[in-house]
Amino acid sequence: MKIAPQQRIYVCFFLFAVSLGALLSRMPDLQVALGVDKSELGLTLIGAAIGALISLTLSSPLIARLGARTTAFITVLGTSALLSLVPWIGAAPVVFCVLFVEGLLAGALEINLNVEIDRIEAQLGRGVMNRAHGFWSLGFFVTALISSVVRQAGISMQLHLAMTFAAVLVLGMWAISGMRNAPARIALNEGKVPLVALPTWGLMPLCVIGIAAFLVEGAGIDWSAIYMRDVFSAEPFIGGLGLTLFTFCMALARLFVDPLVDRFGARAVATMLLVLSAIGICAVWGAPHAYVALTGFALMGAGCSAVYPLAVSAAAQRTDRAAHLNVAALGQMTFVVFFLAPPLLGFIAEHAGIRTSYLVCLPLIIYALFSVKVLATRRAAGDVSVASVRRVNG
C-alpha cells in the first residue's frame, strides 16, 4: 500500500510511543519487580536521559550521513527491541545500562524524524509538524488504553512488551522500507558543520518553552499511574485512566491544532496551551477526589500537546545554521527532560510527597509564558511560495 512521505513519519512517531508507553504504563510493576523505591526507580530510568543527551549532542553528522531511512530502521526498531528486554532483567543497574543504549537510539530518532517532517512540511507548504507529534501522543494513548486492560487481566510485563515489539517490528518494516530523504531547507549560513550541536543564545528561549512542555509531559506519563495508586488507592484500570486521559487529550490537540496555528499563529496557541497546563498541574496537586485528578491529567495532556512541536518548527526554520543542528541542540535541552523527569519527580515524591512533586512544573510553565514572544504570530507567508518553488525545481 502506497502512503505519503509524511504518513511514514507519522507511523514512526506512533511506533516509538507505543514501545516507550508500554514500558512506562508498567512502572508500578517494574518498581515491584526491581524492589526499589520511587527515588531509586527514577535513578534507574535516568540511564535513558544520559544516553539521549549524548546522542543529541553528537549524532547529527552520523544521521546526515546515514539518511532518514537507515536511521529510522536502526532507531525505531532498536528502541523497541531494547525496551522489550527490560522486564526480563531483575537488576536495576543492568536496566540502567539497557536504557542508556535505548537513550542513544532515542536521541537520534528524535533528530531524524523532526528534521524530516520539517522538510516535508516545507515541501507541502502547510503545517504537519503538530500532527506528526500527534501520532506520538496517539501511540501513548493507544498503549495506555491497552495497558490498563492488560494489567487488570494480570498479563505479565514480559509477555506484554514482547507482543508490543512484535507489532512494532511488522509495522515498522512496512512503513520505513518506502521512506525517502526529503530535500533539505536552504540554510543562509552554510559554514562547516560542527561535530557537536550546542544551543545558541538565540535558541535558548525555545529551549525554555520545550523544557516546560516536556517536564509536564514526563510528569503526566511517568508518574500518573503511581500517583493514582498512592494517593487514591485506585485499582489498575482506574489508575491507568490518568495516563489514558492525558495521552488522549494530548493526541487530540496535536492532531487538530495545525489549522489553528496557521490562523492565529504559534505564539497565541502556545500561550493558551501553557495556561491549560498550569491549570491541570494545580488540579492534580490539590485534587480532593480521583475524578478531579483525572481532569487535571486531561488538562495537562491538552496543555503540553503542541508546545514542543511549535518550538521544534521554530528551531528548524532558523537560518543561522543547518536545521538538524538546531533541532539537535533544542533536543539536548528539552527531549532529555522527558527522561530526567522520572528521577527528579521521584526524588521529590519520595521526600515531599507525590502531590508536591507536580508543583515543580509550575515555575517553568510561568517562565515559558514569558518566552513565547520568540514564536511567530503567523506562519511565514514565504513558506508556501518556497515550497512551490522546490516542487517545481524538483
Would you say the side chains of N114 and E110 form a donor-acceptor pair under 3.5 Å?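 Judged by distance alone, the side chains do pair up.
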Check the pair L45 / M27 against side chain to side chain contact (heavy atoms under 4.5 Å, CB included), numbers first and verdict last. CA-CA 10 Å; L45 299 179; M27 281 295 104; 3.6 Å; yes
Could you note down all residue pairs passing ring pair (Phe, Tyr, Trp, His ring centres under 6.0 Å) where residues 68-107 supplies at least one of them, sequence neighbours left out?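 Pairs touching residues 68-107 that pass the test: none.
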Nearest-0.5 Å distance that lies between atom [atom1] in [X] and atom [atom2] in [Y]:
X	Y	atom1	atom2	value
L66	N112	CG	CG	9.0 Å
S19	L161	OG	CG	8.0 Å
L77	I176	CG	CD1	5.0 Å
S59	L104	OG	CG	8.5 Å
L364	L215	CG	CG	6.0 Å

Are more than 12 heavy atoms, taken from residues, nucleotides or ligands other than M163, located less than 6.0 Å from that residue's CE atom?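 Open: at most 12 neighbouring heavy atoms sit under 6.0 Å from CE of M163.
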If you take all heavy atoms of [X] and [Y], which pair is closest and at what distance?
X	Y	answer
L138	A251	N-CB, 3.4 Å
C12	M179	SG-CE, 3.7 Å
I89	L34	O-CD2, 3.8 Å
A290	M228	CB-CE, 4.0 Å
L375	A270	CD1-CB, 3.6 Å

Parallel, tilted or perpendicular for [X] and [Y], by the 30°/60° rule?
X	Y	answer
F297	Y358	perpendicular
Y291	H289	parallel
H133	F13	tilted
F16	W136	tilted

Could you tabulate the donor-acceptor pairs under 3.5 Å formed by side-chain atoms of residues 274-286, not counting sequence neighbours?
unit_1 : atom_1 : unit_2 : atom_2 : d
S277   : OG     : L273   : O      : 3.2
S277   : OG     : G303   : O      : 3.3
S277   : OG     : C304   : N      : 3.2

Would you say Y367 and L206 are hydrophobically clustered, going by side-chain heavy atoms of ILVMFWY under 4.5 Å?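 They do not share one cluster, since no chain of ILVMFWY contacts under 4.5 Å joins Y367 to L206.
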